[in-house]
There are 2 protein chains.
Amino acid sequence: MTVTLADVAARAQVSPATVSRVLNGNYPVAATTRERVLRAVDELDYVLNGPASALAAATSDLVGILVNDIADPFFGIMASAIQSEIGGPGGRAGGERLAVVCNTGGSPERELTYLTLLQRQRAAAVVLTGGAMENAPHAAAVAAKLRKLGEAGTRVVLCGRPPAPDTGAFALTFDNRGGGRELTEHLIGLGHRRLGYIAGPEERTTTRHRLEGHREALAAHGIAEDPRWTVHGRYDRRSGYEATLELLRRDPSLTAVVAANDSVAVGACAALRESGRRIPDDVSVAGFDDLPFSVDAVPSLTTVRLPLSEAGARAGRIAMGREEPPPGGIATVRGELMVRGSSGVPRK
Amino acid sequence: MTVTLADVAARAQVSPATVSRVLNGNYPVAATTRERVLRAVDELDYVLNGPASALAAATSDLVGILVNDIADPFFGIMASAIQSEIGGPGGRAGGERLAVVCNTGGSPERELTYLTLLQRQRAAAVVLTGGAMENAPHAAAVAAKLRKLGEAGTRVVLCGRPPAPDTGAFALTFDNRGGGRELTEHLIGLGHRRLGYIAGPEERTTTRHRLEGHREALAAHGIAEDPRWTVHGRYDRRSGYEATLELLRRDPSLTAVVAANDSVAVGACAALRESGRRIPDDVSVAGFDDLPFSVDAVPSLTTVRLPLSEAGARAGRIAMGREEPPPGGIATVRGELMVRGSSGVPRK
DNA sequence: AAGAATGCAGCAAGCGCTTTCTATATATGC
DNA sequence: GCATATATAGAAAGCGCTTGCTGCATTCTT
């Protein structure tokens, strides 16, 4: 049998109530008694029963972090930052929380199921990262879930995700549209007029916003858009590689390729190189996110830097109630244009 | 108030016991009754209370995955593979488990605290990934914890981590030593005789094994090792960059640099390039792991491919009791040498 | 057709903790 | 010095679920 509170109580010659209070430190206990209890805990190697505790106290020390793809550093970096603030171990004493990251794989059902699972565990807080699906029924289902979580006392924070109105969730939203606009404006400023765009998966807010920003920039400069210049794909390098080949097939005269994110951009570079084009002399390339590897690409990637760590940390603190939520519950986090070697003046 | 089992029972006009059995599907219930219950569940939007369930049943549906650095794709990929097998959502119905990944940040205390937290939650299984610390007292503490977890019915699996004797844990170990040896032998075979080595952090099994493999290869070919040729650092690109500069300062005549992993290798490439050396013409570079970006580096990285996804998936299945553990509880997973553009014949 | 087996549902006893309320002992005020 | 406030510890009632056992209809046996 495992050791229970009662065993500790017996050994320390006190009541279970006292042991509980010593462990939770939320009630005055005489120093000598506390010491006796602590010693007994130690001697018996006692570990609190989490479920029992959560049941009785109607709270839990679980904090959920939902990510679309844990193998993608974009999410890994955010998750890491969030988790570091949640505490888990390393936080202040007493506030030990189990920060757990759940991988939805970009699947709406999984997202919903994880939310239910977290609701079932009576999670203390939930942080949703990255773009949302734009499928209407699913969005409604998620919103309903978030509302219910909030009502049950779970703090809900969105990080790098658009606000979810009427759910009581706090949102730290990335300015994907603005970043996309700036990036394309930079390229236009260099003289590019024929720009290919490799978008992310459809029905994702991130995809749409970045693309919209790109189009805004084109429109602002009177560049008519050619439907052949946009291709959709996944957010990975493979997709960037294939999409670039497709783009080149459709219009070999493109002088720039804007990618949905850095991984895609790297794949694009590979495809361009294989097709005998030099970067940026023949074709300029731009990414998004500024992941760690982007500066090491050859040439280094022009991209939009998103403060992933900072935003994650802030989201974590808000989730823990350690920082004031932004006014109105919503804050926009801007990206920063990083001009590097992969973009240049187009050849005449 | 939230909805409870009793509410559902009342609405469905059955006893709470019946509702529980319908939900768990582990006891015969007449079809018509089941349907009635399910409808009530739906109408009331009932969500099981996880802690209460875990307490009563003395089991939980939590599975913990411990990683050293969640922002590193090495761990992200493994975690993703493990989680996909654990099920969470997406697995077979009924077996819904909350697979949670915990980020130790490479800190021994955090590792231990997370294990305690998981023990407290009565986790169904725990998977530890990546190298272990070689600090003796800590190793003993972890071993004790693992044993205790095992005794409490938690299945413990080590993935990409050396076996933990006498703990009852199953181990899928990467053959880091063999991979390291092969890699260096490849370089020696090309004609290199002065090889720098950028090792990972000290007191880590992964670091030591890879380094030992490297040294075995040198010894096997009668190459005397120069202490100046080895530098320790972290497992990131920054570290590779700095270590390479240091290596070059110590001995500018090196013709090859072997890195502890791919991120480090990429950093090394950057440093070499900045110092005016071409890869592989002037200096060859080799990495380890074969992460997705490695093939995209310029030149693409010669490295040792570790089947991260496959190993993770297998670890996940073993953790779920869905696959036989390896005979003796231990299996060695070998890497595969990937010869690519970053290694070549040294200049005379 | 009577007795045995079977299928399905309910009762009730916990699971191990938290917390309110109560009791005792000591400190304080006038 | 007696009444009142102040610490500290215990008793006990759950928290919401699971499950062994019991009970009653059916359905099988022979």
Side-chain angles (χ1 to χ4, degrees), chain A residues 1-38 40-41 44-62 94 96 117 119-124 152-153, chain B residues 1-38 40-41 44-62 94 96 117 119-124 152-153:
Chain A
M1 238 335 262
T2 49
V3 184
T4 72
L5 235 211
D7 300 332
V8 176
R11 173 151 198 139
Q13 317 229 54
V14 297
S15 71
T18 301
V19 177
S20 170
R21 301 203 257 244
V22 167
L23 260 23
N24 289 297
N26 53 6
Y27 195 87
V29 173
T32 64
T33 313
R34 179 202 321 288
E35 179 138 343
R36 198 142 35 90
V37 170
L38 256 18
V41 165
L44 294 177
D45 215 357
Y46 170 69
V47 175
L48 189 70
N49 182 316
S53 166
L55 172 59
T59 62
S60 112
D61 50 9
L62 216 67
E96 266 173 16
L117 245 29
Q119 179 183 7
R120 171 179 305 181
Q121 299 298 331
R122 306 298 189 253
Chain B
M1 238 336 262
T2 49
V3 184
T4 72
L5 235 211
D7 299 332
V8 176
R11 174 155 199 133
Q13 317 229 53
V14 296
S15 71
T18 301
V19 177
S20 170
R21 299 203 257 246
V22 168
L23 261 23
N24 289 296
N26 53 7
Y27 195 85
V29 173
T32 64
T33 313
R34 179 200 323 287
E35 179 137 343
R36 199 143 32 90
V37 169
L38 257 17
V41 165
L44 294 178
D45 215 358
Y46 170 69
V47 175
L48 190 69
N49 182 316
S53 167
L55 172 59
T59 62
S60 110
D61 48 9
L62 216 66
E96 266 173 16
L117 245 28
Q119 179 184 5
R120 171 179 305 180
Q121 299 298 331
R122 306 299 190 254

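Residue numbers start from 1 in every chain, and the chains themselves are labelled A, B, ... in the order their sequence lines are given, proteins ahead of strands.
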*asked:* If you only use heavy atoms from C-beta on, which nucleotide in D:dG10, C:dG16, C:dC15 is closest to the side chain of A:Y46?
replied: C:dG16
_Whole angstroms only, please: what is the CG-P distance between A:L23 and C:dC17?_
9 Å
*Roughly how many Å is it from CG in B:L55 to P in C:dA13, rounded to a whole number?*
17 Å
*asked:* Please tell me if A:N49 has a side-chain N or O lying less than 4.0 Å from either OP1 or OP2 of C:dC15.
replied: no
*Would you classify A:D7 as touching base, sugar-phosphate or nothing, given that sugar-phosphate means primed atoms plus P, OP1 and OP2, and contacts are heavy atoms under 4.0 Å?*
nothing
*asked:* Taking the nucleotide of DNA chain D with the nearest heavy atom to each, does B:A52 or B:A17 sit closer to the 5' end?
replied: B:A52
_Tell me the closest heavy-atom pair linking A:L55 and B:P51, and the distance in Å._
N-CB, 3.9 Å
*Going by atom types alone, do A:D61 and B:Q121 pair a side-chain donor with an acceptor below 3.5 Å?*
yes
*Identify the two heavy atoms, one from B:L62 and one from B:S60, that lie closest to each other, and give their separation to 0.1 Å.*
N-OG, 3.0 Å
_Side-chain N or O of B:S20 versus OP1/OP2 of D:dT18: is the shortest distance under 4.0 Å?_
yes
*asked:* In this structure, how many angstroms lie between the C1' atom of D:dA9 and the CZ atom of A:R34, rounded?
replied: 13 Å
_Taking only side-chain N and O atoms of B:N26, does any of them lie within less than 4.0 angstrom of OP1 or OP2 on D:dT19?_
yes
*From the list D:dA9, D:dC17, C:dT18, which nucleotide is the closest neighbour of the side chain of A:A30?*
D:dA9
_Between B:L5 and A:P16, which residue's closest nucleotide on DNA chain D lies nearer the 5′ terminus?_
A:P16
*So, B:D7 side chain and B:V3 main chain: donor-acceptor pair closer than 3.5 Å or not?*
no
*Base of D:dG20 paired with side chain of B:R21 (donor-acceptor, under 3.5 Å)*: yes
*What is the nucleic acid contact for A:A57, judged by heavy atoms within less than 4.0 Å: base, sugar-phosphate only, or nothing?*
sugar-phosphate
_Looking at A:Y27 and D:dA9, is any side-chain donor or acceptor paired with a base atom of the opposite kind under 3.5 Å?_
yes
*Short side-chain N/O contact from A:S15 to OP1 or OP2 of D:dG10, under 4.0 Å*: yes
*For D:dA9, take OP1 and OP2 only and decide whether either is under 4.0 Å from a side-chain N or O of A:T33.*
yes
